[in-house]
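Report on the following structure.
Being a predicted model, the structure only gives us computed values, none of them experimental. The figures that follow rest on heavy atoms only: side chains count, while hydrogens, waters and symmetry mates do not. Counting convention: from 1, in listed order, for ligands and their atoms alike.
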Amino acid sequence: MSIETLVENPHIPAESAPVLSAPFDRASFDDCVMTTYGRFPLALEKGEGCRVWDTEGREYLDFVAGIATCTLGHAHPALVETVTRQIQTLHHVSNLYYIPVQGQLAQWLVEHSCADRVFFCNSGAEANEGAIKLARKYAHTVLKITNPVILTAHASFHGRTLATITATGQPKYQKNFDPLMPGFHYVPYNDIEGLKNAIVDIDTGDRRVCAILLEALQGEGGVRPGDVEYFQQVREICDENGILLILDEVQVGMGRSGKFWGYENLGIEPDIFTSAKGLGGGIPIGATLCKQFCAVFQPGDHASTYGGNPFACAAALTVCQTLERENILQNVQDRGEQLRTGLRAIASKYPNHIVEVRGWGLINGMELKADIELTSADVVKAAMAEGLLLVPAGPKVLRFVPPLIVSAAEVDRALQAVEKALAALV
Ligand SMILES: *Cc1c(COP(=O)(O)O)cnc(C)c1O
């Protein structure tokens with residue numbers, strides 16, 4: 001159906017058709033939109049593949065991808081086809097009814113992960129809220145813990161709702177939002193002794209650790225991959241003590257690490273894990289996934305009006321099927337290797353400025369020295385001037401999270417832009 005036929009529809013008066021593109025008015029934007037973001041002075045209005053264009057018509061190579069979200073890049077034909085077809089067929093109904101495509105997506109996820117069950121929501125924070133509620137219900141009803149505690153890691157990131165900023169082990173996200181949620185305790189990441197000590201300290205009387213929530217690779221906290229040995233020991237501790245292992249796969253999951261799930265890089269399986277960002281390729285969707293033994297939700301326990309609607313599920317199913325059909329994980333591994341090799345070659349020219357390059361697949365970080373003035377935001381701005389979009393992961397780490405379909409030529413161009421940006425700064 002064309003726009004013309006839509007406008008001719010007698011139920012939709014022509015004057016109600018929205019103005020699809022007005023000239024960008026930054027002053028009114030700044031007047032009306034809440035000041036929650038420190039925005040770069042760049043207004044984007046078009047994208048294709050790994051490229052985006054600003055309102056001045058300038059082209060950028062997009063190594064941000066909506067922060068590790070646009071799995072298939074921009075305007076991918078398969079995604080365009082799916083969402084166009086789905087909006088014309090059925091875009092939203094309630095979970096009061098069966099939604100067939102939601103079932104298909106759940107089946108795909110179950111068949112391609114260690115999970116048996118899926119709950120759909122709309123974002124990473126909401127997926128983590130679901131995981132926290134599931135773990136608490138399991139603690140109360142199965143483990144019989146009256147005062148359950150969830151351990152999370154320093155420098156972690158789990159979202160911006162009250163429960164998830166509490167779970168997030170970074171005070172800057174919590175400041176001025178107290179009182180925080182009770183029932184959380186922080187441990188150092190990749191430090192098994194710290195974890196063991198915390199469990200001994202907490203387990204007193206009716207207060208006990210019911211779950212450990214970790215990222216397989218810490219994204220926002222500075223692109224820090226989990227240690228294989230640490231995670232294997234965490235898994236053992238959970239098994240020995242009946243503690244649930246929850247992994248937040250919101251950023252590292254859905255193929256970004258070169259495997260479908262971050263935990264596959266660690267040789268372990270979680271009991272519960274969460275997905276969002278890359279799952280819908282830019283269409284909002286999140287998921288809480290779990291094994292059968294801890295699938296304790298009953299009707300009425302948890303819900304989300306939009307969660308798992310046909311539009312979002314069709315988009316996510318297309319992302320999943322395209323990843324598989326086009327063998328995109330191989331591209332993620334190859335391009336990731338190429339990117340890290342290139343970044344390490346650049347880093348070797350700046351031993352006084354760059355600490356290291358690290359990451360898995362297409363989630364990579366370049367860490368700047370702590371004792372110099374240069375920040376990741378400085379390099380992001382300089383790279384933007386060279387036509388490359390990057391995003392910081394904290395004040396000292398530059399993050400590279402391009403669409404998973406990025407080409408070898410595009411990785412080369414990005415490397416050249418980083419090289420020029422650094423040369424301009426140093
Ligand atoms: C982005 C992110 C979240 C929050 O996701 P939203 O969709 O912004 O709520 C949670 N956990 C991790 C690891 C993330 O990277």
Side-chain angles (χ1 to χ4, degrees), residues 34 36-37 64-71 119-135 150-170 172-174 177 181 184 186 189-190 211-226 231 245-257 260-263 265-266 270 272-289 304 306-308 312 315-316 319 359-365 390-394 397-402 404:
M34 277 206 204
T36 52
Y37 288 91
V64 178
I67 313 192
T69 293
C70 299
T71 312
F119 171 83
F120 290 106
C121 53
N122 311 287
S123 69
E126 204 186 342
N128 287 332
E129 288 272 345
I132 292 164
K133 281 179 72 177
L134 191 63
I150 298 178
L151 297 183
T152 69
H154 291 304
S156 59
F157 183 80
H158 300 296
R160 301 295 202 130
T161 61
L162 276 171
T164 58
I165 59 167
T166 309
T168 293
Q170 300 194 58
K172 69 172 179 184
Y173 293 107
Q174 304 168 340
F177 297 119
M181 202 69 61
F184 289 90
Y186 314 106
Y189 188 64
N190 279 342
I212 301 171
L213 165 59
L214 297 167
E215 291 158 89
L217 172 154
Q218 290 191 325
E220 300 301 308
V223 192
R224 285 173 211 287
F231 272 85
L245 178 57
I246 310 173
L247 293 187
D248 179 340
E249 291 264 353
V250 168
Q251 188 157 165
V252 72
M254 273 306 287
R256 183 150 293 279
S257 73
F260 274 122
W261 306 107
Y263 65 75
N265 297 278
L266 300 169
I272 301 173
F273 69 97
T274 54
S275 179
K277 288 198 167 87
L279 179 57
I283 305 298
I285 183 168
T288 306
L289 303 96
S304 170
Y306 282 133
V319 170
W360 293 339
L362 285 174
I363 179 160
N364 294 290
L390 296 176
V391 56
V397 179
L398 271 173
R399 183 169 20 169
F400 299 79
V401 282
L404 305 189

**Asked** Does the T71 side chain pair with the main chain of G278, one donor and one acceptor, at a distance under 3.5 Å?
**Response** yes
| Pair N128-T164, side-chain donor/acceptor within less than 3.5 Å | no
Kindly say whether G394 contributes a backbone atom to a donor-acceptor pair with the side chain of E220 at under 3.5 angstrom? no
Pairing of R224 and E215 as salt bridge, 4.0 angstrom limit: no
Which N/O atoms of ligand 1 sit under 3.5 Å from a protein N/O, and at what distances?
unit_1   : atom_1 : unit_2 : atom_2 : d
ligand 1 : 7 (O)  : G124   : N      : 2.8
ligand 1 : 9 (O)  : G124   : N      : 3.4
ligand 1 : 9 (O)  : A125   : N      : 2.7
ligand 1 : 11 (N) : F157   : O      : 3.3
ligand 1 : 11 (N) : D248   : OD1    : 3.3
ligand 1 : 11 (N) : D248   : OD2    : 2.7
ligand 1 : 15 (O) : Q251   : NE2    : 2.7
ligand 1 : 15 (O) : K277   : NZ     : 2.7

### Ring centres under 6.0 angstrom apart (Y263, F231)
no
For F184, look at atom CZ and say whether over 12 heavy atoms of other residues, nucleotides or ligands are found less than 6.0 Å away.
yes
